[in-house]
Trainee: 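Supplied in C-alpha cells, the structure appears directly below.
We name chains A, B, ... by the order of the sequence lines, and we start the count at 1 in each one. The figures that follow rest on heavy atoms only: side chains count, while hydrogens, waters and symmetry mates do not.
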Amino acid sequence: MSTFMPYAYFQCPCTDSFPQSRNLGDESPVSVSSSFDQDDRTFDPRAPRANYSLYPLEHLLYCEDCHQIRCPRCVLDEIVTWYCPNCLFEVPSSTVKSEGNRCTRSCFQCPICIAPLSVSSVEPHPEGLGAENLTVGGPYVLNCAHCYWSSKEIGIQFDKPNGIFAQLAKIKNGGEPIITARERRKDREERNRDTSAGPAVDEDGVQEERAANLDPNEILDAESQFSNLKAFYQSQLAEASPTSALTFSGGDYGYGSPGALSRIMGLYTGGSFADKKSKSKKGMMREAQDALEGLQIVSPTSEDEIINRLQTEGWDSTASTVQKDEQSTYTRFINDLRPIAHLLRTKRAKRCKTCRHILSKPEPKVQTTRFRIRLVALNCIPSISINPLSPLLPGQKSAFLVTPLKPTQFLLTFTNPLFEIVKVNIATPAQTPGRFANKVTVLCPQFEIGANTDAWEEALREGSKGIEREKRRTKAEATEGQHQAEAGKVWERGRNWVSVVVEVVPASLSFEGPDFMKSEEMLRDGGALREDEDVLEIPVFVRVDWEADAAHDESGGLSGGGRGESEVREKRELAYWCVLGVGRIAQD
Amino acid sequence: MSSSKRVSTAPAAPKSPTVLAPTLVIGEHAVLTGTYLITLGSNTVVHPRTKLNSTYAPITIGNNCIISERSIIGLQSPGSDQGMTIENGVVVEVGAIVEAKSIGEGSIIEVNAKIGKHAVLGKHCKIGPMCEVGEHEIVPDFTVLFGNGMRRIDRSGVEDLKLKMVARQVEILRKLIPNNLAKFK
Ligand SMILES: [Zn+2]
Ligand SMILES: [Zn+2]
Ligand SMILES: [Zn+2]
Ligand SMILES: [Zn+2]
C-alpha cells in the first residue's frame, strides 16, 4: 500500500452555480432540478465534476474587491512576457506574432529524443593549453549529447555558430537550399512586372537578393505551398474586387472583415450575399494552376516511392508517433525529421474575471522570480492541516490507515492568516456521500481564531504567553489518561490557530452481508472496489466571518492606532466547501 | 601515497589476485573482492568506492578506462566463468552495474545503467542513464540506448574524438584522485 498523506482541498465558489449532490448510495449525482432544497445539499467530493473545482489552498487566489476565492477557472490570464526556456531571452510579442512561438536564435531540441542540442564544429578541437582561446572554424553542426544524433545525419551543416534558426530555415534536409518566402515573393513580383510592366516597389529596399527563377512544376514543402497558395488567393481576391483590394494589402487580417465575409459567402451562394458594388465588379476567380500558385499534383508513383523506401530502409528508419508529433509537418522517416526549435514560455498576470482587478502579476524580467502583485488565498482564508490525535500504536503502519468501524479521532488545525480575529463555523454531513457512508462528527463546530498579529508584537508577548501555553500543556499531559476530546470545546489554541477534534467511524469496505443492508448502488455494482474508494474523504462546509476596516482593508488591520470613529468596521463573511482526505480505510 | 589512519571499510577478506599496470590510478576506498584474477590496464582510473567482484569470474579492464564510484563490475551471482573483458577507453558511470561478457572499445555506460549477465556490447556503444541491456544480449557496434529503451545507431563518426576526450578526462582525474596503487598489489 502506498503511503497516504492527508490533504485539504478547497472548492472555489465559482462552481456553485452547478452544485453536485447525490443521496447516500446513489451512483451518480442527481441533477440540480430534482434536488429539493439548496441548503440541504452536500458537496460530493467523489462526483466526477468535483475534480474540476477542488484545489489545494496554495493554488487559489483571493480577490480583495469581490471578497472571494478565485481559482484557475475564474481568473483571466494575460501574457506579460514571452521568453525562451533555453536561452532565457525575452521575445517581444510583436516578434511572436510575426515569427511564431518558437525561439528564433539557436535553441533546438533533438528530433530523436528531445534533449537540447548544442552547436559544435565539425573540425576537431585544438588541444593543449590555451585551446579555449583559439576559435574553432566551421562548418558547424547541431549535436545531441544524449542520443548522439547530429544534424550531419540529415545532411545539414551551418556556416556560422549563431543564428541557427535563420540558417536552418534556408536548408532542406540533405543540404539543398530552401527558397524562402521572400524570394518567392520576389519571383512573383518579377512575373507580374513582366506582364503588367508596372513599377515594382521593393518594400524592403533589399536589391541584391536576386529572385530565383522558379520551376512551375517544383515539388513544394508544406510551408512554401501554403505561402504560395495564400499569395495566389490574395491576388485573386484583390483582382476580383479592386475596391477593397486595399484591405488585403495590409496583411492577413482583412479576412475577418464583414466585407470579406460577405464576399466569400457570395462566392459560394452565387452572389446573393455580396453587396451591390462588389457584385457589379466581381470577376470569376480561377483556381491555382501550377506550383507557383501553390498547386501540387499528387504523383501516381509517390506512394510506391514511400513503400519502396520502407522496404529498403526498414522499420528503423521510420519516425515514432512521438517524434512525428513534434514536427510541424507530417514526416514519415527519421531522415526527414528536423531539429525542433524551443517552444517559448510565458509569464502571466491573472485578473479576476468578475471585476477585472489584477490578482497576480509577475516581474516582467525573465530572470526574476518575484511578483509585483500576488493576492493568494493563503493570506486571506484559514488553512487547515490534519493530524491524527492518538499517537502511532506499535505495529500500526501509518496513522492515516484507519480501521473500519473503529472510531478514530483526527485533529484539524485552522490557522488564521488575517490580522483580525475570525469566527469559524464548520459543518459536515453526518455521513459522507458515496457507497461507503462514513460517520463523521465534529466535536467543536464553532470557534474563534486569534488574529495573526505582528511578528514584533508576538516577540514581545512571547515570554508571558509561552509560559502560559507551557502550563496548559503540562496540565494536559498530567491528565493524559483521562484527557478526552470534549464536545463543544476547542482541543488546543494558539496565537492564531485553533485545533478541533473530528471523529470518524470509517465504513467497512466489505460487500458481504445481507442484501437489505446494502445501498442500491452497491447491489448494482457488485463486488469490486473502485479506484480510491478506500480513501476517507470528508466534505466540510466552512464559514468564516470577521470584521475588517471598510475603507482600505488591503492595508490590513495593522493600522491599529488612530482609528477614528469615521472608520466603519465592516462585517465580512466567506463560505466555501472543503474536502479533507484524512486517511485510507484498511481492507481486510 | 596517502596513509589514512581510518580503518578501511572493505571486509577483511583475502586480497584478490590482481595484475595492475603501473600507471593505473586507483582510489584507496575501491573494493576489489573475489578469488579470480582482476587485471587493470594502464592509464585506467578506478574511483574510490568502486566495487570489482571476481568471485564468479575473472575481470579484465583495458587501458584508458574510467570506472566511476559506486559502480559494480563483475558477475554478482554464479554464471559462466569465462570472465569479463572491458576494452580500452570504456567509461562506466556512477552507479552502473556491469555483468557483461565483453564491452567494446570506447563504449559509455551511463549513470545507473545495467548490463545484464553475459551480454556482449560492441564498440563505441552508449547505454543511456537508467537503460538496461538484457542477459546474453548482443548489442552491435555504435548502438545508442536512450530514453525508455529506445535504440539507434550512431553514424556521426566522431569516435576518435570521443576516445581523445576520455584520455583527457583521465589526465585530469589522475590529478584529482589520490592514488593508492600499493594497497592493491
Ligand atoms: Zn473559481
Ligand atoms: Zn532560445
Ligand atoms: Zn537526441
Ligand atoms: Zn474580483
Side-chain angles (χ1 to χ4, degrees), chain A residues 109-132 134 136-137 139-158 173-174 313-326 333-337 339-340, chain B residues 43 64 66 89-91 93-94 96 104-113 121-133 137-172 174-175:
Chain A
Q109 283 175 289
C110 176
I112 305 289
C113 72
I114 72 157
L117 295 173
S118 60
V119 182
S120 65
S121 171
V122 181
E123 300 297 315
H125 281 268
E127 283 177 60
L129 277 173
E132 4 353 316
L134 295 170
V136 190
Y140 300 90
V141 287
L142 286 169
N143 264 325
C144 173
H146 188 65
C147 73
Y148 287 170
W149 180 88
S150 144
S151 65
K152 225 165 132 186
E153 288 181 32
I154 54 168
I156 289 183
Q157 292 191 348
F158 307 99
N173 279 15
E313 293 175 31
W315 169 254
D316 287 340
S317 70
T318 56
S320 72
T321 326
V322 183
Q323 288 167 349
K324 281 185 213 168
D325 285 349
E326 291 287 345
F333 295 98
I334 278 196
N335 286 345
D336 297 335
L337 297 176
I340 313 153
Chain B
N43 282 319
N64 276 319
I66 300 172
V90 170
V91 178
E93 275 294 347
V94 177
E105 186 184 22
S107 287
I108 295 180
I109 320 292
E110 277 285 356
V111 178
N112 285 345
L121 238 65
K123 290 183 197 303
H124 306 288
C125 288
K126 179 185 174 177
I127 311 302
M130 315 283 287
C131 288
E132 286 186 27
V133 174
E137 201 177 321
I138 294 169
V139 179
D141 292 358
F142 297 106
T143 302
V144 181
L145 260 77
F146 61 98
N148 191 11
M150 307 238 280
R151 283 177 190 223
R152 59 189 300 274
I153 301 291
D154 171 29
R155 294 193 187 83
S156 57
V158 289
E159 57 273 3
D160 291 338
L161 205 69
K162 279 178 186 139
L163 282 177
K164 269 183 200 156
M165 295 296 281
V166 173
R168 273 167 70 185
Q169 203 182 338
V170 167
E171 284 315 305
I172 290 160
R174 182 182 288 286
K175 289 172 198 152

Trainee: Evaluate the side-chain proximity of B/Met150 to A/Val322: yes if any heavy-atom separation is below 4.5 Å, no if none is.
Mentor: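 A side-chain contact is absent here, since even the closest heavy-atom pair is not under 4.5 Å.
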
Trainee: Does CZ belonging to B/Arg174 count more than 12 external heavy atoms closer than 6.0 Å?
Mentor: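 Yes - once you tally the heavy atoms of other residues, nucleotides and ligands closer than 6.0 Å, there are more than 12.
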
Trainee: Just wondering, are more than 12 heavy atoms of other shown residues or ligands nearer than 6.0 Å to CG in B/Asn148?
Mentor: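 Open: at most 12 neighbouring heavy atoms sit under 6.0 Å from CG of B/Asn148.
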
Trainee: Would you say A/Tyr148 and B/Ile153 make side-chain contact, with heavy atoms under 4.5 Å?
Mentor: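 They are not in contact (no side-chain heavy atoms under 4.5 Å apart), so the answer is no.
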
Trainee: Can you measure from NE2 (A/His146) to NZ (B/Lys126) and round to the nearest 0.5 angstrom?
Mentor: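 The distance works out to 6.0 Å.
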
Trainee: How many angstroms lie between atom OG of A/Ser150 and atom CG of B/Asp154, to the nearest 0.5 angstrom?
Mentor: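 Going from OG on A/Ser150 over to CG on B/Asp154, the span is 8.5 Å.
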
Trainee: Where does A/Ile112 contact chain B at under 4.5 Å (heavy atoms): side chain, backbone, both or neither?
Mentor: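 For A/Ile112, backbone and side chain are both near chain B.
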
Trainee: Quick one: what part of B/Ile127 sits under 4.5 Å from any heavy atom of chain A, side chain, backbone, both or neither?
Mentor: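 The answer is neither part of B/Ile127.
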
Trainee: Are any non-hydrogen side-chain atoms of A/Cys113 and B/Arg152 less than 4.5 angstrom apart?
Mentor: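 When only atoms from C-beta onward are counted, B/Arg152 and A/Cys113 do not touch, as no gap falls below 4.5 Å.
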
Trainee: Does CD1 in A/Ile114 sit with more than 12 non-hydrogen atoms of other residues, nucleotides or ligands closer than 6.0 Å?
Mentor: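 Open: at most 12 neighbouring heavy atoms sit under 6.0 Å from CD1 of A/Ile114.
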
